[in-house]
Amino acid sequence: MAATVHPLPTPDAIRVPLIGWLVAGVGLLGMYLVLQENGALLAESWTTIHELFHDGRHAFGVPCH
Amino acid sequence: MRWSYGAVVSRALAVGVAVGVLLAAYVSVVVGPTIDAAVRLEEAADGHDGEALFTRGQQKGGGAAASVVYAVVAAGVFGTVYAAVRHRIAAASELARASWLAAVAFTSLALVPALAYPASPPGADSGADTGSRTLRYALSLVGAVVVAVLLTRLSGALRNHLPEYTRTLVVAAAGVVAYGLLLVGLPSGPDPAAGLPADLVWDFRVRSLGALALLWGGIGLGLGWLLDRAASDAPSGTVASSP
């Protein structure tokens with residue numbers, strides 16, 4: 001008897017279009033602005049965004065002052 | 001059932017909205033009080049008030065908004081990655097498959113960074129070294145994702161050489177060693193919360209990790225459930241296109 005007793009099923013592959021990866025990348029950039037931006041990448045003008053999303057950033061463990 | 005990319009991602013985004021609302025409630029009710037306590041300590045310590053850009057109420061609203069944005073984006077990216085790697089995950093159901101990927105995401109994007117550089121409540125330090133802490137945090141994220149990818153590769157390479165149970169044990173042991181080495185190898189820095197009461201910091205850290213567990217757990221279970229439900233409703237051989 002072979003070792004393959006009951007192999008669990010693997011489904012057919014889904015083709016992810018390039019646009020899907022692009023949208024995901026833009027989303028991650030937006031998330032960076034909301035969560036992470038503290039002057040490391042952009043200018044001080046983002047202080048407003050930084051302060052507004054203050055509580056969320058702390059809650060999700062992102063470094064902050 | 002055959003799935004299209006759009007059908008998977010649209011369901012992932014719907015799950016993201018639902019998880020975002022739950023997460024906003026969790027952050028407000030569970031994490032909020034510990035943030036408030038830390039802010040009160042901060043204000044009592046340096047006595048500054050009136051110069052804040054936003055009131056605490058506005059910041060709480062911002063925290064809720066950030067929760068929804070975070071959950072929706074995380075779910076969208078999760079759905080995209082899930083669509084790309086789904087055919088490599090051997091499991092009996094979409095729920096099992098999506099839960100497995102969510103566990104990998106939680107470990108790499110939440111647990112390992114939290115163990116290396118635990119979350120800190122507001123007012124923990126002067127903000128002078130926020131830049132270097134951000135860099136170290138990003139390094140822990142990237143390192144944990146790299147370890148997860150390498151473990152997957154190892155698992156795949158051993159698939160035809162070892163019995164299933166042995167392979168699982170070998171990969172699990174390699175994971176313990178690899179994540180352990182990563183945690184030891186990451187640069188250390190001063191704990192920004194060193195000056196705050198230990199019980200407050202502990203409460204905050206456990207609740208913060210809870211928020212991330214809710215995020216990834218909710219996304220994985222929610223997407224897996226929706227996909228299984230749609231598949232069981234549809235006749236076999238149907239192609240699910242984007243709605």
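In the text below, chain A, chain B and the rest are named by the order of the sequence lines, each starting its count at 1.
Closest of all the heavy-atom pairs between B:A66 and A:G56 is CB-CA, 4.2 Å. Between B:V73 and A:G27 the shortest heavy-atom distance is CG1-O, 3.3 Å. Taking each heavy atom of B:A74 and A:M31 in turn, the nearest pair found is N-SD, 4.3 Å. Contact between B:S208 and A:G61 at its shortest, heavy atoms only, is OG-N, 3.7 Å. The two residues A:H58 and B:S120 have their closest heavy-atom pair at ND1-O, 2.8 Å.
Going from atom OH of B:Y5 over to atom CD1 of A:I19 covers 8.5 Å, rounded to the nearest 0.5 Å.
Atom CH2 of A:W21 has more than 12 neighbouring heavy atoms from other residues, nucleotides or ligands inside a 6.0 Å radius.
Most heavy-atom pairs under 4.5 Å with chain A: of the set B:E164, B:H87, B:R88, B:R205, this distinction falls to B:H87. For chain A, the option among B:A92, B:G76, B:A91, B:A119 with the highest count of heavy-atom pairs below 4.5 Å is B:A91.
For the pair A:H54 (side chain) and B:G63 (backbone), a donor-acceptor distance under 3.5 Å is absent. Under a 3.5 Å cut-off, the side chain of A:T10 and the backbone N or O of B:I89 do not form any donor-acceptor pair.
Proximity to chain A (any heavy atom under 4.5 Å) is restricted, for B:A211, to the side chain, taken from C-beta onward. With a threshold of 4.5 angstrom between heavy atoms, B:F204 approaches chain A through side-chain atoms but not through N, CA, C or O. Of the atoms belonging to B:L135, not a single heavy atom falls under 4.5 Å from chain A. Only the side chain of B:I35 comes within contact range of chain A, with at least one heavy atom under 4.5 Å from a heavy atom of that chain. The contact between B:V27 and chain A is made entirely by side chain atoms (from C-beta outward), counting heavy-atom distances below 4.5 Å. In this structure, the portion of B:V8 lying under 4.5 Å from any heavy atom of chain A is its side chain and not its backbone. Proximity to chain A is limited to the side chain of B:R97, based on heavy atoms less than 4.5 angstrom apart.
Side chains of B:R2 and A:I14 form no contact here, defined as non-hydrogen atoms less than 4.5 Å apart. Looking at B:V77 and A:L28, their side chains come closer than 4.5 Å, going by heavy atoms from C-beta outward. Two residues are said to be in side-chain contact when any heavy atoms from C-beta on lie closer than 4.5 Å; A:L52 and B:Q59 fail this criterion.
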Before giving the answer on side chain to side chain contact (heavy atoms under 4.5 Å, CB included), spell out for B:F54 and A:D55 the whole-Å C-alpha distance, their side-chain angles and the decisive distance to 0.1 Å.
CA-CA 11 Å; B:F54 292 99; A:D55 282 29; over 6 Å; no

A:D12 and B:R86: salt bridge (Lys or Arg N to Asp or Glu O under 4.0 Å), yes or no, with the steps?
CA-CA 8 Å; A:D12 295 331; B:R86 170 175 168 269; over 6 Å; no

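Ring geometry, A:F60 versus B:Y70: the interplanar angle falls from 30° to 60°, so the pair is classed tilted.
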